[in-house]
There are 2 protein chains.
Amino acid sequence: MEQLRETLKGHHLRTTTCREDVLSAFINKKNALSHGDLEGALGESYDRVTIYRTLKTFLEKGIIHKVLDDEGLRYALCSHQCSEEKHQHDHIHFKCSICGKTNCLENLHIPNVALPQGYQPASFNLLIQGTCPECVAE
Amino acid sequence: MEQLRETLKGHHLRTTTCREDVLSAFINKKNALSHGDLEGALGESYDRVTIYRTLKTFLEKGIIHKVLDDEGLRYALCSHQCSEEKHQHDHIHFKCSICGKTNCLENLHIPNVALPQGYQPASFNLLIQGTCPECVAE
DNA sequence: AATATTATGCAACAACGTTGCATTTAATGT
DNA sequence: ACATTAAATGCAACGTTGTTGCATAATATT
Ligand SMILES: [Mn+2]
Ligand SMILES: [Mn+2]
Ligand SMILES: [Zn+2]
Ligand SMILES: [Zn+2]
């Protein structure tokens, strides 16, 4: 509870119940969330627009990052302190085709790639789709 | 021209002008295209819905594949004969932040990743964002 | 408590995508 | 060439997703 306020203040954001609740949702569910997921999780508490704006703000401040997906964008917490100035993500995302959940594999780094002459890489997104441990066990 | 018909027949599709034009667009522009891009390129020739359906059909038949993007899905030609039964893609996509174009780097394969126990990978999508050779030269 | 600044809700709108159905078109066999 | 069959198209209607402007409410600061 108090930790939420700390995180928000740490990123120079005012504490509002919507921001607390959205942040809280990201912390509790551990998988990546879409705008729709949040709308579902938070019920009628907040206007759709406010959730869009909260996501945008969190993105800009480095609280969350985008997770690419073949059926729509999702978002997940930035684990290691990203800031407004610098987002740094080189970890892998895994989407389970069975349970549908997408997770950050924080300690799995994207391997280096030797690009052809002239390409200047800046950021990387690797999504692996398949079956997650829970659904393999089934 | 005749080649287009060949490709369509090869994937057991009827030849229609819309399909020819969409396929042609993918071949001429070499970068990945969104539904909107196609709508723009083809003008008022075809109904929006028909283009959606054409994309869906091409996807199913293995003529095009999805290209993940942080601002919306795009599509690109499958170079090596994919079919309805089997899509096989392990190449890298590069999106230029300056010109905005996304391209398949067909001969750059996604490196192997040692996933933790229990994860069963099935498909891979790697998007690298940065500056493309043309825009670097500038 | 008063003030300045920021966030929210609401309404209206635009963009994107889907479905059902009547009509047109393409492929096939005669 | 023509009739038949199956598939593709256009249109209308609708649903979802995302954006913008503005008045109101809430937060942080003095
Ligand atoms: Mn992540
Ligand atoms: Mn590709
Ligand atoms: Zn799963
Ligand atoms: Zn470029």
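Throughout, a chain's letter reflects where its sequence line sits, starting with A, and its residues are numbered from 1.
Rounded to whole Å, atom P of C/dC16 lies 8 Å from atom CD of B/Glu39. Following rounding to the nearest Å, B/Arg74 (CZ) and C/dG17 (P) show an atom-to-atom distance of 11 Å. Counting to the nearest Å, the P atom of D/dA8 and the NZ atom of B/Lys9 are 14 Å from each other. The interatomic distance linking A/Asp69 (CG) with D/dT17 (P) rounds to 14 Å, in whole Å. The separation between A/Asp47 atom CG and D/dA25 atom C1' is 14 Å, rounded to whole Å. The OH-C1' distance, from B/Tyr46 to D/dC11, rounds to 17 Å in whole Å. Regarding B/His12, its NE2 atom lies at a distance of 11 Å from the P atom of C/dT28, rounded to whole Å. Residue B/Glu44 contributes atom CD, which lies 17 Å from atom P of D/dT9 at whole-angstrom precision.
Panel note: side chain A/His65, backbone A/Ser79; no donor-acceptor pair is recorded below 3.5 Å. At least one donor-acceptor pair under 3.5 Å links the side chain of B/His87 to the backbone N or O of B/Leu59. With hydrogens and angles disregarded, a donor-acceptor distance shorter than 3.5 Å links the side chain of A/Arg19 to the backbone of A/Arg14.
By the 4.5 Å heavy-atom criterion applied to side chains, B/Leu126 and A/Val113 are counted as neighbours.
Screening residues 103-138 of chain A for ring-ring contact (aromatic ring centres under 6.0 Å, His included) gives A/Tyr119-B/Phe94 as the qualifying pairs, with residues at least two apart or on separate chains.
Take B/Glu44 and apply the side-chain hydrogen bond (donor to acceptor under 3.5 Å, both in side chains) test, not counting sequence neighbours, and it matches no residue.
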Atom pairs, N/O to N/O, protein against nucleotides 18-22 of chain D, distance under 3.5 Å?
from, atom 1, to, atom 2, distance (Å)
D/dG18, OP2, A/Tyr52, OH, 2.9
D/dG18, O5', A/Tyr52, OH, 3.4
D/dG18, N7, A/Arg48, NH2, 2.8
D/dG18, O6, A/Arg48, NH2, 3.2

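In terms of heavy-atom proximity, A/Thr102 sits nearest to A/His93 at CG2-CB, 4.4 Å.
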Give the table of side-chain donor-acceptor pairs shorter than 3.5 Å for residues 1-10 of chain A, with sequence neighbours excluded, one pair per line with atom names and distance.
from, atom 1, to, atom 2, distance (Å)
A/Arg5, NH1, A/Glu20, OE2, 3.4
A/Thr7, OG1, A/Gln3, O, 3.0

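Near DNA chain C, defined here as any heavy-atom distance below 4.0 Å, the residues from residues 13-26 of chain A are A/Arg14, A/Thr16, A/Cys18, A/Arg19, listed numerically.
A salt bridge links B/Asp70 with B/Lys95; the closest basic N to acidic carboxylate O contact falls under 4.0 Å.
Remark: B/Asn112 CG is loosely packed, at most 12 non-hydrogen atoms of other residues, nucleotides or ligands lying under 6.0 Å away.
When the C1' atoms of four end pairs are superposed on the next four at each end of the helix from C/dA1-D/dT30 to C/dT30-D/dA1, using five pairs per end, the two resulting axes differ in direction by 40°, to 10°.
Side-chain contact of B/Asp21 with B/Ser24: a donor-acceptor pair under 3.5 Å is absent, judged by distance alone.
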